[in-house]
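Taking it in order: structure first as structure tokens, then the write-up.
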Amino acid sequence: MKIARNIAVTRYADYNCAVKYLVEAGLEANYILPPPLTKRTAEIGAKYSPDFVCTPFKTTLGSMIEALEAGADTIIMTYGVCRLGYYGELQEQILRDLGYDFDFINLEEYSTGRKRDYLKAIRRLNPKCNLAKLSIAALEAVKMVEYVDEITGEYYKNCGFDPSGEYKRAYQQFLTAMYTAGAKAEISEAYRQVKRQFQQIPLEKPQRPLRVGVLGEFYTAMDPFSNLETEQKLADMGVEVHRWMNVTNRTLHYSGEKNLNVKIRDLCTYEMGPTSTATIWCAKEYAERGFDGLIHIKSANCTPEIDVMPVLQNISADYKIPVLYLTFDSQSSDVGLMTRLEAFYDMIQMRKKVV
Amino acid sequence: MKNTDKKSLVIGLPRALLFYRYETLWRGFFQELGAQVVVSAPTDRKIMEEGSALAVDETCLSAKIFFGHVKSLVGRCDYILVPRISSTGFRRTMCSRFQGLYDQTRNVFRSSGQKFLAYNLDVQQEASRKMTMYELGRLVGLSSEDHAPEEKDEKTAFLEMGESLGFSHRAIKRAYKRAKRAELRQRRAAAAETEQLYKAEGIKILIAAHSYLIEDAYIGKAVMDFLKKSDVTGIRADLVDREEAIRRSRELSPTCKWEVSREILGSIAMHRDKVDGIILLSAFPCGPDSMVNELLARKVKGVPMLNLIMDGQSGTAGVETRLESFIDIIRFKEGSL
């Protein structure tokens, strides 16, 4: 009898807990959690990647190598609408050229437009997979993603106003619980607990705090390692940080390109790229709600997010809202980022006093 | 929006990006409708610099050049054509830059008051539904392969564009039909002519580049000129029987989805044994090329390959040195040096 696979999916913000749950409870295989992203991940990824590919390619390649080192024998790579859809094929080629021996499930190959082709991928992962069990696990994993997004959103809005550090501890405990959860009851219990804790911790929040909206690319804006913890840094300065862009809003509950476009008709007629509509819509929404500033985060060479920058510039001019454009490559020092964030903070704070 | 005085309608075509792919179709279509077509002048230093000043720093060189061309047309025509081309079918998409180009241009030139004209080609959105239809059709014994989906959807897109200008349905249909026929004829002729070059004597080098790069007077022309000067036959990979190239691209890359990249990949698969070297020519930092060229370098072995990335350099000396040494290597390998 064949032993169960050791499956890995590259690190991606805090969503690996849901993948882990899906693999263990749904596919009944072992899940290998790749080590947290570090400077080393970025370095080995960049070393074997082509020069001017977008940065998530390099980070995920590094994470794949670390997963193989950690004992994975099967790697799953997602499909995608931009260059992401081509990541899998090239990354597999690079890893094979390096000499690694593993099984690669490139979901792009199975994205043929026929939904049932995904079944083939599932059968390949586990021929005896119980589809009923998998469906239930998938629903629970989706719930987990929703919880993680909701709690993460709440965390960055408030953590800057808690001098005790309890808020951060509660958040981290919640994430740990998500990574160790083995059943539905554990997931909902951890969620309830963190909600209770968040409500009980006293916050020293001014009546009208500085509010900054974070927008940008699907990977870099959401992954704290890739954006050098921009959100945490901002929050620590005493800012209420909002970010609409996450898997829940952009994928699970996405209201669709047409519905979002209604509001941004004057700026943009067509869909400009995978997350462009969302980014533009979100920027306008924050501007209308009177936010103090916007931060646009993208990885170096991200075509769709580069293309929306002229639109954001127009929003900035129309609503008189400052926008800080940040591009992240595989840099390891955050000193430059800190300087820019501090200057941005000073500027929006002075504006708030004047305006 | 009824256009009463159709004779005065002036359409501007920026000589950049997809112009080189669709010139015959666009020119033909608007001329058939009785409009006047203005094309911007070939790229020069001024156009490139003005475009770079308008564009976001991180945009690719070709898009920067494009904005320079648009700027040179602003105020000289009623509309500037900037189509939004997203996909022409399943796994036949364009780089996402072309998806956003119309809206990006509109936003960059918002204060100029210039009007822009677009047609929207986006077949992939419908792709999954269509795949099912094809399958069902095959099950009951129907063959839908005779209908090229590309043409049908392009026609609809042109109809919508023409109607927005106030032309009659019939006139647009006729104009599109004639322009499309001319385009196909021109495309076939170019492919056949290029196919002859593979039989030429002497050293032959295949140049894998987007048409807007290799045909650009300021960027790609230097490469072609130098090859000619060195008695080497430079053959463009993109001038090829597109449908066959799209099929053959699978040999090198099963999941590549960019239509233009697939044509080039397929062309390399078809001709790699007939040439002495391959030049991968791309603009900095071209999204699809950044990955496809890496894959090519890893998969196509046994043919000398030169990866040439063009940025906005003002001199050609650097490029010429690299080409010269590449040609020397080929000659040395063949024992003629």
Which of B:Cys286, B:Pro288, B:Ala118 touches chain A most, by non-hydrogen pairs under 4.5 Å:
B:Cys286
Which one wins on heavy-atom pair count under 4.5 Å against chain A: B:Cys60, B:Ala297, B:Pro254?
B:Pro254
Counting heavy-atom pairs under 4.5 Å to chain A, which of B:Ala55, B:Gly100, B:Ala63 comes out on top?
B:Gly100
Only counting residues at least two apart or in another chain, list the ones meeting ring pair (Phe, Tyr, Trp, His ring centres under 6.0 Å) with A:Tyr254.
none
Counting heavy-atom pairs under 4.5 Å to chain B, which of A:Asn106, A:Val53, A:Thr269, A:Leu267 comes out on top?
A:Thr269
Which portion of A:Thr303 sits near chain B, non-hydrogen atoms under 4.5 angstrom
both
Taking every non-hydrogen pair under 4.5 Å, which of A:Met272, A:Met309, A:Gln313 racks up the most with chain B?
A:Met272
Sub-4.5 Å heavy-atom contacts with chain B: which residues of residues 83-93 of chain A show up?
A:Arg83, A:Gly85, A:Tyr86, A:Tyr87, A:Glu89, A:Leu90, A:Gln93
Ring-plane angle category for A:Phe104 and A:Phe102, please: parallel below 30°, perpendicular beyond 60°, tilted otherwise.
perpendicular
Which residues in residues 101-112 of chain B have any heavy atom lying under 4.5 Å from a heavy atom of chain A?
B:Tyr102, B:Asp103, B:Gln104, B:Arg106, B:Asn107, B:Val108, B:Arg110
In this structure, is the centre-to-centre distance between the rings of B:Tyr212 and B:Phe19 below 6.0 Å?
no
Determine yes or no for a side-chain-to-main-chain donor-acceptor pair under 3.5 angstrom, with A:Thr59 supplying the side chain and A:Thr55 the backbone.
yes
Just say parallel, tilted or perpendicular for the rings of B:Phe158 and B:Tyr119, cut-offs at 30° and 60°.
tilted
Considering the options A:Glu305, A:Arg250, A:Lys298, A:Glu217, which one meets the side chain to side chain donor-acceptor pair (under 3.5 Å) requirement together with A:Thr275?
A:Glu305
So, B:Asp238 side chain and B:His210 main chain: donor-acceptor pair closer than 3.5 Å or not?
no
Working to the nearest 0.5 Å, report the span between CD1 of B:Ile279 and CG of B:Leu308.
6.5 Å
CZ-SG distance between A:Phe218 and A:Cys82, expressed to the nearest 0.5 angstrom:
10.0 Å
If we ignore hydrogens and angles and just use 3.5 Å, is the side chain of A:Ser316 paired with the main-chain N or O of A:Leu312 as donor and acceptor?
no
Could I get the full list of ring pair (Phe, Tyr, Trp, His ring centres under 6.0 Å) partners for B:Phe67, not counting sequence neighbours?
none
For B:Val123, is there any backbone N or O sitting under 3.5 Å from a side-chain donor or acceptor partner on B:Ser87?
yes
